Asks: 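The structure under discussion is supplied below as structure tokens; questions concerning it will follow.
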Amino acid sequence: MQYLEGLNDAQREAVLTIDGPVSVLAGAGSGKTRVLTTRIYHLIREGVPANRILAVTFTNKAAREMRERLSERLGDAPLPFVATFHGLGRELLQRYGTRVNVPRYFTIFDRDDSKAAIKQVLKEMDIDPKELSPGFVLSRISKEKGEGNTPEQFKEKHGRASFNSRVVSEVWPRYEAIVRKEKALDFDDLISLPVRLLRDHEDVRAQAQELFSHVHVDEYQDTNGLQGTLAGYLSATHKNLFVVGDIDQTIYTWRGATIENLLGFDETYPSAKTIVLAHNYRSTKTIVAAGNQIIEKNRNRKEKHAVTDNPDGEPIRLYQAGNAEQEARFVARQIQTSIRAGTKPEDIAVLFRTNFQSRALEEAFLGAGVPYKVLGTRFLDRKEVKDVLAWVRLALDPTREADRMRAVQSPTRGIGKVTLGKLTEGKRGELKPAERAKVETFERLVEELADTAKVAIPSAFVKLVIEKSGMAASLQKGGEEDQERLENAKELATLASRFDMLPGEEGLAAFLAESALAGDQDEMDAPLANGVKGGVTLMTVHAAKGLEFDTVFVTGMEEGLFPHSGHDDEKRDEEEERRLFYVAVTRAKRRLYLTFARVRRIYGTDFFSEPSSFLRDIDESLVSYSEGENDPYIEDVIHIF
């Protein structure tokens with residue numbers, strides 16, 4: 001078994017334990033992805049058919065990497081089913097969804113679609129979206145759905161509790177009506193509906209439980225109640241549920257994740273074996289020691305002390321700036337020095353607790369000529385990309401009202417809002433002859449594309465849409481920005497080509513689902529604005545989870561910012577904030593910088609800041625102090641400890 005060579009004892013035990021429930025507590029940098037892929041390969045070598053093995057991850061990027069690793073080992077042999085939870089839910093609904101009135105080809109509302117629908121409902125209720133943001137309402141609905149609650153249950157329990165809860169209880173059913181009218185599902189439906197299917201339909205449950213003899217779940221600490229239930233349903237017959245996670249990296253409880261799924265795994269599955277992966281292969285001894293010191297202050301965890309054979313490495317660099325702009329200039333200068341010394345820009349990350357912190361950093365990077373990208377500015381959120389996707393969805397189902405309204409104006413074709421309003425209200429007979437002619441031309445084009453969609457491969461169909469819709473001709477007439485938009489639209493064909501092996505509508509449906517379910521980390525390999533690949537990555541700490549970099553800057557280490565003080569309507573969970581800091585620190589392989597400012601302007605007001613209390617968790621022996629431009633505060637930094 002050469003594929004077992006190089007595994008440590010705990011990793012080998014995890015790979016070879018193939019029967020019964022198993023929980024693997026995997027610390028940062030402990031090689032959990034290698035364990036997962038090696039275990040799956042071992043199962044196949046032991047005679048388990050690939051199509052009986054399921055592996056569930058939390059991001060498309062992680063799922064693709066796992067498929068690639070397995071493909072390297074298996075060659076041309078069939079691969080197991082590897083997907084995100086939402087991808088798994090989509091697969092189950094495509095197989096069995098008619099039992100809960102879900103059409104075979106359904107649209108998936110991404111978060112922006114959901115926010116737009118909620119914004120529409122708020123306006124209909126005469127509530128200013130600035131007073132109560134659609135994002136807040138969606139987050140509340142999403143969390144309730146993740147716990148298995150319905151609008152009726154929420155209204156009964158919380159409908160009179162507060163203004164916000166009353167609004168959510170009224171918005172939720174109206175939002176659901178909009179989603180259903182568009183023959184769509186939102187992200188949370190992709191979990192809640194499969195769970196309902198398996199719970200309420202014994203025959204479907206029996207079939208689904210026979211699909212997979214071995215179920216693997218990565219990042220199990222991030223599962224919510226329904227995701228844990230779904231994994232339990234699918235593994236109930238064969239009892240082979242293998243979960244990997246790190247309680248110390250539970251950072252999503254605010255959106256419904258429950259630490260109890262992993263913390264109480266051996267209570268839910270009394271025969272379960274627990275294996276601890278404590279050896280860190282990623283980071284220097286200094287960074288590993290700091291991570292241990294940070295996380296050991298938490299009480300709601302299982303004991304796990306990371307060790308490493310890596311060198312001590314450089315001390316952690318601590319820098320205090322006068323303000324956010326000075327902090328950003330320091331980061332930019334250090335990155336310039338690192339790049340000149342041979343570090344690739346893409347091996348450097350700058351992390352922050354909240355998105356507003358990126359402004360000063362971006363300005364400093366532009367001034368210093370540092371190439372960068374901000375994770376969270378998604379390629380798939382760009383207008384021209386959404387326009388093409390609307391045309392593709394409309395070709396699959398010409399009755400989708402929202403897609404028809406978007407496509408008819410992308411590009412504009414002389415069909416105005418008044419005409420669109422008459423069509424929506426069923427008043428076609430009131431159209432003037434010129435208006436009717438334009439509408440009929442548009443509808444013939446949609447019919448033509450709908451016929452082609454049944455037989456064309458996805459990449460070719462996307463190219464056809466860009467040409468036939470008139471988008472290419474319209475953008476080619478514009479300036480440099482329009483040319484860039486056209487290139488973005490054409491890049492969709494590259495994404496669609498991943499599904500060219502699937503026939504017609506099935507391939508297009510898979511392409512649309514992949515687009516809707518894409519996350520921030522799918523942007524990691526996207527080119528910069530000028531087409532150049534690479535660049536320093538700027539992102540929130542939440543977005544960095546699961547990633548690693550040679551050099552990491554954690555900025556804004558100030559009390560009230562990190563740890564975050566929370567909002568008026570939420571209580572700060574200090575243990576989760578500390579877990580978030582632990583995640584930030586353990587992204588670094590060789591170099592780690594922690595920076596903060598004495599003064600930071602937030603919403604136009606200057607605030608004097610205290611250094612983060614988390615900094616005191618790190619022993620002074622692991623830290624060195626950096627003096628910057630006209631920085632008289634170094635003595636204050638030393639006194640932190």
Side-chain angles (χ1 to χ4, degrees), residues 109-182 184-193 195 222-227 250-260 353-357 376 381 402 520 540-543 560-577 579-580 602-605 607:
F109 265 34
D110 64 19
R111 295 298 183 191
D112 283 346
D113 296 327
S114 293
K115 287 178 185 177
I118 289 171
K119 184 177 182 180
Q120 176 185 327
V121 174
L122 290 172
K123 286 185 175 180
E124 291 171 357
M125 295 171 62
D126 292 325
I127 296 174
D128 188 346
K130 294 179 181 177
E131 182 181 358
L132 187 63
S133 75
F136 171 84
V137 177
L138 176 61
S139 178
R140 189 76 182 272
I141 292 173
S142 179
K143 189 170 183 178
E144 292 294 327
K145 280 188 170 185
E147 294 172 0
N149 296 324
T150 64
E152 295 75 22
Q153 290 170 326
F154 179 82
K155 187 170 186 177
E156 183 178 344
K157 187 174 181 180
H158 302 287
R160 298 182 182 88
S162 66
F163 171 75
N164 287 355
S165 294
R166 289 198 301 274
V167 172
V168 172
S169 70
E170 295 298 323
V171 169
W172 190 352
R174 299 188 191 192
Y175 161 69
E176 293 289 343
I178 291 175
V179 176
R180 298 297 174 260
K181 183 181 178 183
E182 292 298 324
L185 305 177
D186 68 13
F187 279 9
D188 303 297
D189 292 328
L190 294 177
I191 309 298
S192 61
L193 289 178
V195 168
D222 290 336
T223 53
N224 61 27
L226 282 186
Q227 289 165 335
T250 304
I251 60 174
Y252 290 115
T253 61
W254 52 275
R255 70 181 189 193
T258 172
I259 196 172
E260 296 303 323
R353 178 61 179 83
T354 57
N355 280 303
F356 81 84
Q357 294 170 251
D381 286 339
D520 288 345
T540 64
V541 182
H542 282 99
L561 185 56
F562 202 0
H564 201 273
S565 58
H567 303 293
D568 293 339
D569 56 356
E570 65 179 28
K571 183 181 179 182
R572 184 182 84 182
D573 182 342
E574 185 156 332
E575 289 215 350
E576 179 143 343
E577 286 293 307
R579 291 193 293 266
L580 195 59
I602 302 176
Y603 301 123
T605 302
F607 290 89

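Everything quoted here is computed from the prediction, not taken from an experiment.
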Asks: Let me see the working for V167 and L122 under side-chain contact (heavy atoms from CB on, under 4.5 Å), right down to the final yes or no.
Replies: CA-CA 9 Å; V167 172; L122 290 172; 3.9 Å; yes
Asks: Okay, side chain of H158, backbone of S169: is any donor-acceptor separation there less than 3.5 Å?
Replies: no
Asks: Just to verify, what does T354 make a side chain to side chain donor-acceptor pair (under 3.5 Å) with, not counting sequence neighbours?
Replies: Q357
Asks: So which pairs with a foot in residues 132-141 pass side chain to side chain donor-acceptor pair (under 3.5 Å), sequence neighbours left out?
Replies: R140-S165
Asks: The criterion is side chain to side chain donor-acceptor pair (under 3.5 Å); which residues satisfy it with T223, sequence neighbours excluded?
Replies: N261
Asks: Starting at CZ of R166, measure out to CG of L132 and round the result to the nearest 0.5 Å.
Replies: 11.5 Å
Asks: If I compare all heavy atoms of I191 with all of Q227, which pair ends up nearest, and what's the gap?
Replies: CG2-CG, 3.9 Å
Asks: Rounded to the nearest 0.5 Å, what's the gap from OG1 on T250 to CG on D573? Could you check?
Replies: 10.0 Å
Asks: Are side-chain heavy atoms of L185 and F109 found at a separation under 4.5 Å?
Replies: no
Asks: Report the distance from atom CG of L226 to atom CG of L190, rounding to the nearest 0.5 Å.
Replies: 12.0 Å
Asks: Name all residues meeting the side-chain contact (heavy atoms from CB on, under 4.5 Å) criterion together with D126; count only those two or more places apart in sequence or in a different chain, and write none if there are none.
Replies: none
Asks: Not counting sequence neighbours, which residues clear salt bridge (Lys or Arg N to Asp or Glu O under 4.0 Å) with E576? List them please.
Replies: R579
Asks: What pair of heavy atoms forms the shortest contact from R353 to L580, and how long is it?
Replies: NE-CD2, 3.4 Å
Asks: Considering residues at least two apart in sequence or located in another chain, which fulfil the side chain to side chain donor-acceptor pair (under 3.5 Å) criterion with S142?
Replies: D188
Asks: Under the rule for side-chain contact (heavy atoms from CB on, under 4.5 Å), what residues qualify as partners of E147, not counting sequence neighbours?
Replies: K143, E144, N149
Asks: Going from CG on N224 to OG1 on T253, what distance comes out if it is rounded to the nearest 0.5 angstrom?
Replies: 12.0 Å
Asks: Got a sec, which pairs hit salt bridge (charged side-chain N to carboxylate O under 4.0 Å, His left out) with one end in residues 168-177, sequence neighbours left out?
Replies: K145-E176, K155-E170, E176-R180
Asks: Under 3.5 Å, sequence neighbours excluded: what are the donor-acceptor pairs made by side chains of residues 113-121?
Replies:
from, atom 1, to, atom 2, distance (Å)
D113, OD2, D110, N, 3.1
S114, OG, D110, O, 3.4
S114, OG, Y175, OH, 2.8
Q120, NE2, E124, OE2, 3.3

Asks: What pairs with F562 under ring pair (Phe, Tyr, Trp, His ring centres under 6.0 Å), at least two apart in sequence or on another chain?
Replies: F581
Asks: Going by heavy atoms in the side chains, are V168 and F163 under 4.5 Å from each other?
Replies: no
Asks: Considering non-hydrogen atoms only, spot the tightest contact between G148 and Q153 and give its length.
Replies: O-OE1, 3.8 Å
Asks: Using the side-chain contact (heavy atoms from CB on, under 4.5 Å) criterion, which residues pair with A402? Sequence neighbours excluded.
Replies: E182
Asks: Give me the atom names and distance for the closest heavy-atom approach of P134 to P129.
Replies: CD-O, 3.9 Å
